[in-house]
Amino acid sequence: MAQDDTALDAQALDWIVRTGDPAFDDWPGFMAWMEADPTHAPRYHALNAAIDDGVALARAPQGGRWRRRWPARHDARRSG
């Protein structure tokens, strides 16, 4: 029986954080979790990729194609 998606996401995120720590040493526990259910590894890798994509987006240079290309709206009530 498949686990609840929210619980599985929470477990996968916990492992992502833990395995990202340079001092992490519970590789046997991590591998046991990955192999315990066929949904674990795909969810772990999907969430890890989504996090990597978000980090890359946050680090992307600002401006370029995301720069506003229209003039600021003129408010007629403020004109004199």
Side-chain angles (χ1 to χ4, degrees):
M1 182 162 143
Q3 294 179 346
D4 175 59
D5 286 345
T6 303
L8 181 55
D9 284 350
Q11 291 173 12
L13 288 171
D14 180 58
W15 282 111
I16 290 167
V17 170
R18 292 174 62 195
T19 57
D21 182 349
F24 179 75
D25 64 355
D26 187 17
W27 294 108
F30 172 65
M31 291 309 298
W33 178 80
M34 291 282 273
E35 295 170 352
D37 187 299
T39 62
H40 288 182
R43 184 63 56 97
Y44 172 88
H45 292 298
L47 289 175
N48 206 10
I51 290 168
D52 288 345
D53 289 347
V55 169
L57 183 61
R59 290 182 177 166
Q62 299 301 311
R65 66 185 184 132
W66 300 109
R67 186 170 23 134
R68 184 173 71 184
R69 300 209 184 261
W70 59 90
R73 185 175 145 188
H74 177 72
D75 189 343
R77 294 175 292 182
R78 292 186 184 179
S79 64

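Computed over heavy atoms, backbone and side chain alike; hydrogens, waters and symmetry mates excluded.
In this structure, CD1 in I16 is found 12.0 Å from CD in Q11, a value given to the nearest 0.5 Å.
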Taking distance alone, no hydrogens or angles, what donor-acceptor pairs closer than 3.5 Å link side-chain atoms of residues 20-32 to residues at least two apart or in another chain?
from, atom 1, to, atom 2, distance (Å)
D21, OD1, A23, N, 2.9
D26, OD1, G29, N, 3.0
D26, OD2, R18, NH2, 3.3

Which donor-acceptor pairs under 3.5 Å do side chains of residues 41-55 form with protein atoms, sequence neighbours excluded?
from, atom 1, to, atom 2, distance (Å)
R43, NH1, D9, OD1, 2.5
Y44, OH, T19, OG1, 3.0

